[in-house]
Amino acid sequence: MVYVSKKQIKNEEIGKKKGKGKKIFLIILLIFFVPIILFFGYRFISNKLDDMNANKMSNTINEISKDKIDYVFIEINPSFVLTIKENKVNDIACLNDDCVSIYNDIDVKGKSIGDSIDNLYNLAKEKGFDTSKGVKVKTTINLSIKNQDYILVEFIDDTSKQELLSNIKNNEEIKNNSNDDYYTKLWEELKKDKDYDNVYSCKMNDNKKLECYINFDNGVSEDLFSENKEHDDTSISTLKSQLTNASNKVFNTLKKFNFDVKDNAVYINGYKYTYTPSFSSNDVKYRDILISNIVEKIDDNLCKELYDNGLIAGNGKCEFPGGSYIIPLNSLELVSQSTNHLIDNRDKKSMKESILQQYEMMKEFNK
């Protein structure tokens, strides 16, 4: 016969209660954390699948694009037209007699667009042409070139492109490029994408050129942006989630079409653009835009003079905010990567203009 003391019985009962308490605590933890784990697990897997889909479509578009020909028009004093294939110069022709006079000295075939612009600019300067007005580039595509002060990029439509091509002085074979097969193949592949008709859609225009635009419901509630809206933790969390989801859709789509996307921003013609679903400026409200803040610069020598005269702070940089460039998403053509309706939202008088005006007034006063 085994004798069990009251103390042992009491300890066993306490142990059972503790065990039961631990089980209840674990159940509560599971109830609380499992949905969170599932939610973030789903988001992680979903994001990974979206990335994989974006990379797959990007590779498909790259493969189909190998035979696509684009045009870039360059005006310095000599005027040139380049055909671009796989982001390299494929051929070149002249648009005026100044270009014809130096045509045999041009060596840009196989070079990148940026290197070709530098090459042509330096060649024109070497040959004695007036290059003081810099380089004006006209194009229907997004150019991956450095943002340099002497280069001005202007987007043109197909009508303007054809008008410029009609001015070719030599090498007229450059006109006879067709992208019909490219656009047909591309459209067939894009229709297989899960985001087609949900995030973006395409159409063939009158010139048999495929146009694709982002056009989606971003899911962001308008009232969350209201100035009179009082935000609590729940509404802020909801807004962040909606913004993240909308931003992912935008940048994943831009990746598919091989835009230069890095760290939740896209680089277009040397400018860094971020996404916002709602933006107001000068009493105009915009929905779903890419926005880039413009930074204006002043020559280093003049910068020192302005600093010496106390017109600017001594931060070592003569850079000033000069407004914004705004691209409505529904006007950013994905295939050609052209910004058909870029809004130059500069302030009426930028800080740079104000400082230079003060400087001119000071010079007059000192006289």
Taking the six-membered ring for Trp, is the centroid-to-centroid distance between Y271 and Y325 below 6.0 Å?
yes
Honestly curious: do V81 and F155 fall in one hydrophobic cluster under the side-chain, below-4.5 Å linking rule?
no
May I ask you to test the I168-K175 pair for a side-chain heavy-atom distance under 4.5 Å?
yes
Verify, without hydrogens or angle tests, whether S79 (side chain) and E75 (backbone) share a donor-acceptor contact under 3.5 angstrom.
no
Any salt bridge linking K109 with D107? Criterion: basic side-chain nitrogen under 4.0 Å from a carboxylate oxygen.
no
Would you say the side chains of E333 and S336 form a donor-acceptor pair under 3.5 Å?
yes
Give, for atom OG1 of T139 and atom CD of E154, the distance between the pair rounded to the nearest 0.5 Å.
10.5 Å
Rounded to the nearest 0.5 Å, what separation is found between the OG1 atom of T276 and the CG atom of L243?
7.0 Å
Could you state the interatomic distance from CD1 (I64) to CG (N59), rounded to the nearest 0.5 Å?
11.0 Å
Would you check, one step at a time, whether the test salt bridge (charged side-chain N to carboxylate O under 4.0 Å, His left out) holds for K127 with D105?
CA-CA 10 Å; K127 295 294 183 180; D105 296 313; 3.1 Å; yes
Heavy-atom distance under 4.5 Å between the side chains of L210 and L190, does that happen here?
yes
Here the gap from I84 atom CD1 to S116 atom OG, rounded to the nearest 0.5 Å, amounts to 6.5 Å
Run the ring-centre check on Y200 versus Y196 and record whether the distance is less than 6.0 Å.
yes
Is NZ or CZ of K249 both nearer than 6.0 Å to the six-membered ring centre of F216 and within 45° of the ring axis?
no
Measuring from atom CG of N77 to atom SG of C99, what distance do you get when rounded to the nearest 0.5 angstrom?
11.0 Å
Assess the residue pair N215 and S201 against the criterion (side chain to side chain donor-acceptor pair (under 3.5 Å)); give the C-alpha distance rounded to whole Å, side-chain angles, the decisive distance to 0.1 Å, and a yes or no.
CA-CA 7 Å; N215 188 5; S201 58; 5.2 Å; no
Any Lys/Arg nitrogen of K256 or D195 sitting under 4.0 Å from an Asp/Glu carboxylate oxygen of the other?
yes
Would you say D193's side chain and E189's backbone share a donor-acceptor pair under 3.5 angstrom?
no
State, without any angle test, whether D115 and S112 hold a side-chain donor-acceptor pair at a distance under 3.5 Å.
yes
Transitive ILVMFWY side-chain link V108 to V137, under 4.5 Å:
yes
Check V335 against C212 and note the closest heavy-atom contact, atom names and distance.
CG2-SG, 3.7 Å
Side chains of N96 and N167 only: does a donor on one sit below 3.5 Å from an acceptor on the other?
no
Do I156 and L164 touch side chain to side chain, with heavy atoms closer than 4.5 Å?
yes
For N179 and I69, indicate whether the former's side chain and the latter's backbone hold a donor-acceptor pair under 3.5 Å.
yes
Once rounded to the nearest 0.5 Å, what's the spacing between atom CG of L342 and atom CG of L290?
10.5 Å
Donor-acceptor check, side chain of T131 to backbone of K125, threshold 3.5 angstrom: yes or no?
no
Just wondering, are more than 12 heavy atoms of other shown residues or ligands nearer than 6.0 Å to NZ in K185?
no
If we ignore hydrogens and angles and just use 3.5 Å, is the side chain of E172 paired with the main-chain N or O of S166 as donor and acceptor?
no
When you look at D91 and N171, which way does the side chain to side chain donor-acceptor pair (under 3.5 Å) test go after all the steps?
CA-CA 9 Å; D91 205 353; N171 192 17; 3.2 Å; yes
Heavy-atom distance under 4.5 Å between the side chains of I214 and L334, does that happen here?
yes
Worked check of salt bridge (charged side-chain N to carboxylate O under 4.0 Å, His left out) between E63 and K66
CA-CA 6 Å; E63 190 63 31; K66 285 183 178 179; 3.3 Å; yes
Looking at side-chain heavy atoms only, is the closest gap between F80 and L95 below 4.5 Å?
no
Distance-only polar pair, side chains of N258 and N62, donor-acceptor under 3.5 Å:
yes
Within the side chain of Y273, is there an N or O that forms a donor-acceptor pair under 3.5 Å with the backbone of I327?
no
